[in-house]
Amino acid sequence: MLRELLVDVEVLSTTGDLSVEIDNLEFDSREAKPGTLFFAMRGTQTDGHRFIGAAVGLGASAVVCEELRGGVTYVRVADSTVALGRIASAFYGHPSRNLKLVGITGTNGKTTTATLLYRLFRRLGYKVGLISTVTYCIDTEQRESTH
């Protein structure tokens, strides 16, 4: 239910039915379908508010945005990007509450240190992940970093 996903979000105003069931989160309007909570976010190239109509046309059940419009349930927030993170956390059962996190700062050696810790913890039998400028690792799955 949408109302339950808004617990950690600073909501400025709403319209519509907050008891609507949500079974999908999406910020790409082309992927919206019934049960979708669509996030209209301002980007560097375009404004997601331009695509609210498309998402609603494909059946989106509700919209999180910074400008209210008519048609479906809307949740107005100051920052849709912040709301996406908090709502996604609630939607997926707050998975980060069960994670232990290590951050590494400094000028030199961050990637090396992070990689050594990743390998050490894996060898000790822990399920671990790694995000670096070189690679992304989720337990044994590895992907090249793109950003």
Side-chain angles (χ1 to χ4, degrees), residues 1-52 54-56 58-68 72-106 109-147:
M1 176 181 319
L2 177 57
R3 178 178 287 107
E4 295 167 354
L5 299 176
L6 299 175
V7 172
D8 296 324
V9 178
E10 183 182 343
V11 174
L12 301 177
S13 61
T14 64
T15 63
D17 181 9
L18 295 181
S19 65
V20 65
E21 289 297 324
I22 300 298
D23 54 33
N24 183 45
L25 306 180
E26 194 56 65
F27 56 86
D28 182 340
S29 62
R30 298 168 295 189
E31 300 296 325
K33 58 188 176 197
T36 294
L37 176 57
F38 175 69
F39 292 83
M41 298 184 298
R42 298 184 197 285
T44 58
Q45 303 298 315
T46 191
D47 183 350
H49 291 80
R50 292 179 44 211
F51 304 100
I52 290 173
V56 171
L58 289 172
S61 299
V63 176
V64 172
C65 57
E66 297 166 24
E67 302 169 10
L68 291 181
V72 295
T73 298
Y74 284 85
V75 177
R76 184 170 164 255
V77 296
D79 187 325
S80 297
T81 303
V82 170
L84 170 60
R86 292 183 179 160
I87 291 171
S89 180
F91 184 80
Y92 291 106
H94 301 281
S96 62
R97 291 180 181 171
N98 298 315
L99 296 175
K100 293 195 179 13
L101 196 62
V102 175
I104 301 167
T105 63
K110 294 180 294 294
T111 299
T112 299
T113 302
T115 302
L116 290 170
L117 288 172
Y118 167 79
R119 290 179 181 169
L120 172 69
F121 289 131
R122 287 236 345 107
R123 287 194 178 137
L124 290 173
Y126 292 97
K127 286 190 173 191
V128 295
L130 169 68
I131 300 172
S132 76
T133 56
V134 176
T135 188
Y136 305 132
C137 300
I138 303 169
D139 201 27
T140 60
E141 183 181 341
Q142 193 169 4
R143 295 184 184 166
E144 183 179 334
S145 277
T146 58
H147 294 84

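From a predicted model like this one, the values you see are computed outputs, not experimental measurements. Side-chain atoms are counted along with the backbone in the values below, which use heavy atoms only and exclude waters and symmetry mates. When a residue number appears, it is its place in the shown sequence, counting from 1.
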Heavy atoms of other groups near [X] [atom1], more than 12 under 6.0 Å:
| X | atom1 | result |
| --- | --- | --- |
| I131 | CD1 | no |
| K33 | NZ | no |
| R119 | CZ | no |
| F27 | CZ | no |

Residue pair L117, I104: steps toward the side-chain contact (heavy atoms from CB on, under 4.5 Å) verdict:
CA-CA 10 Å; L117 288 172; I104 301 167; 4.0 Å; yes
How many angstroms lie between atom [atom1] of [X] and atom [atom2] of [Y], to the nearest 0.5 angstrom?
| X | Y | atom1 | atom2 | result |
| --- | --- | --- | --- | --- |
| E21 | S61 | CD | OG | 9.5 Å |
| K127 | T140 | NZ | OG1 | 9.0 Å |
| Y126 | L120 | OH | CG | 9.5 Å |

Quick one: does [X]'s side chain get under 4.5 Å of [Y]'s, heavy atoms only?
| X | Y | result |
| --- | --- | --- |
| L58 | F38 | no |
| I52 | H49 | yes |
| S89 | D8 | no |
| V77 | V64 | yes |
| Y92 | L25 | yes |
| F121 | L130 | no |
| E66 | R76 | no |

Can you give me the closest heavy-atom contact between [X] and [Y], atom names plus distance?
| X | Y | answer |
| --- | --- | --- |
| Y74 | C65 | CD2-SG, 3.7 Å |
| E4 | V7 | O-CG2, 3.2 Å |
| E26 | T36 | CB-CG2, 3.7 Å |
| S19 | M1 | CA-CG, 3.5 Å |
| V9 | A83 | CG1-CB, 4.0 Å |
| T135 | S145 | N-OG, 3.2 Å |

Does I138 form a side-chain contact (heavy atoms from CB on, under 4.5 Å) with Y136? I'd like the steps, not just the answer.
CA-CA 7 Å; I138 303 169; Y136 305 132; 5.9 Å; no
Chi angles and distances behind the side-chain contact (heavy atoms from CB on, under 4.5 Å) call for L18, V75
CA-CA 9 Å; L18 295 181; V75 177; 4.1 Å; yes
Stepwise side-chain contact (heavy atoms from CB on, under 4.5 Å) test for F91 and L37:
CA-CA 11 Å; F91 184 80; L37 176 57; over 6 Å; no
Look only at the side chain of S96 and the backbone of L99, and say whether a donor-acceptor pair between them is shorter than 3.5 Å.
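A pair under 3.5 Å: no.
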Does the distance from a Lys or Arg side-chain N to an Asp or Glu carboxylate O, for R122 and D139, drop under 4.0 Å?
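Judged by the 4.0 Å cut-off on N to carboxylate O distance, R122 and D139 do form a salt bridge.
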